[in-house]
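Just below is one structure, and these are the notes that go with it.
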Amino acid sequence: MQSWYQEFAKLKAKYESLQSTQRHLLGEDLGPLSVKELQSLEKQREGALQLARQRKTQILTEEMEDLRKKERHLGDINQQLKIKVILLTILVT
């Protein structure tokens, strides 16, 4: 029974620590933090922001390439349709 209580106490402490860290990352409850802790938090946030920007850039680049492929495909279809119109015009006249 004691081991369960100890495990519960550890998990509760970890949960509270994670909640506190989350609040800090959201810019909340920063008053008790030291300058060193604030600098560390700032570095973590800058790193996370850089990763988010890199991922966003990657997604936008992939989307642009997909749109370029679609544009080329539609251009090919358009060219084929132009040829068909010219051929039909020749056949009708």
Side-chain angles (χ1 to χ4, degrees):
M1 185 74 154
Q2 178 117 7
S3 66
W4 283 101
Y5 181 76
Q6 288 175 339
E7 184 66 23
F8 172 77
K10 285 181 190 177
L11 289 173
K12 183 178 178 186
K14 182 67 174 174
Y15 174 75
E16 290 170 355
S17 173
L18 289 171
Q19 279 189 318
S20 177
T21 300
Q22 181 181 23
R23 283 193 304 275
H24 294 155
L25 288 171
L26 293 173
E28 301 170 358
D29 196 26
L30 300 176
L33 297 180
S34 68
V35 171
K36 189 173 183 177
E37 290 170 321
L38 289 169
Q39 287 172 332
S40 174
L41 179 62
E42 185 177 29
K43 191 173 184 179
Q44 284 178 322
R45 290 185 67 166
E46 287 172 356
L49 183 58
Q50 182 181 9
L51 290 174
R53 286 180 176 152
Q54 286 173 350
R55 179 65 181 136
K56 182 181 83 171
T57 300
Q58 179 186 4
I59 290 170
L60 290 174
T61 301
E62 290 169 359
E63 287 178 357
M64 285 175 49
E65 183 57 35
D66 287 344
L67 289 172
R68 284 188 185 109
K69 286 178 184 177
K70 288 178 184 176
E71 179 184 27
R72 285 190 298 270
H73 179 69
L74 289 172
D76 292 343
I77 292 172
N78 191 35
Q79 192 63 30
Q80 292 169 6
L81 290 172
K82 285 179 182 180
I83 292 169
K84 286 181 182 181
V85 167
I86 291 170
L87 291 174
L88 284 173
T89 304
I90 292 171
L91 288 174
V92 170
T93 57

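Values reported hereafter were calculated over all heavy atoms of this structure, with side chains retained and with hydrogens, waters and symmetry mates removed.
- With a 6.0 Å radius and a threshold of 12 heavy atoms from other residues, nucleotides or ligands, Gln22 has its CD atom at or below the threshold.
- The line from CD of Gln50 to CZ of Arg45 is 15.0 Å long, rounded to the nearest 0.5 Å.
- When the shell of 6.0 Å around CZ of Arg53 is examined, it contains 12 or fewer heavy atoms from other residues, nucleotides or ligands.
- Separation of atoms OH (Tyr5) and NZ (Lys12) is listed at 7.5 Å; rounding is to 0.5 Å.
- Atoms CG and CD, from Leu41 and Glu46 in turn, are 10.0 Å apart once rounded to the nearest 0.5 Å.
- Side-chain contact between Glu65 and Arg68 is present, with at least one heavy-atom pair separated by less than 4.5 Å.
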Donor-acceptor pairs are to be reported for all side-chain atoms of residues 13-21 against protein atoms at under 3.5 Å, with residues two or more places apart or in another chain.
{"from": "Tyr15", "atom 1": "OH", "to": "Gln19", "atom 2": "NE2", "distance (Å)": "2.8"}
{"from": "Thr21", "atom 1": "OG1", "to": "Ser17", "atom 2": "O", "distance (Å)": "3.0"}

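- In terms of modelled atom types and a separation under 3.5 Å, the side chain of His24 and the main chain of Asp29 share a donor-acceptor contact.
- With a 6.0 Å radius and a threshold of 12 heavy atoms from other residues, nucleotides or ligands, Gln54 has its CD atom above the threshold.
- Checking each of Leu81, Val85, Leu87, Ile86 against Ile83 for a side chain to side chain contact (heavy atoms under 4.5 Å, CB included) leaves exactly one that passes, namely Leu87.
- Note that the CG atom of Leu74 and the CD atom of Gln79 stand 13.0 Å from one another [nearest 0.5 Å].
- Residues Gln58 and Arg55 bring a donor and an acceptor atom of their side chains to less than 3.5 Å of each other.
- Rounded to the nearest 0.5 angstrom, Leu49 CG and Lys56 NZ are separated by 9.0 Å.
- Note that the CD atom of Gln80 and the CG atom of Asp76 stand 6.5 Å from one another [nearest 0.5 Å].
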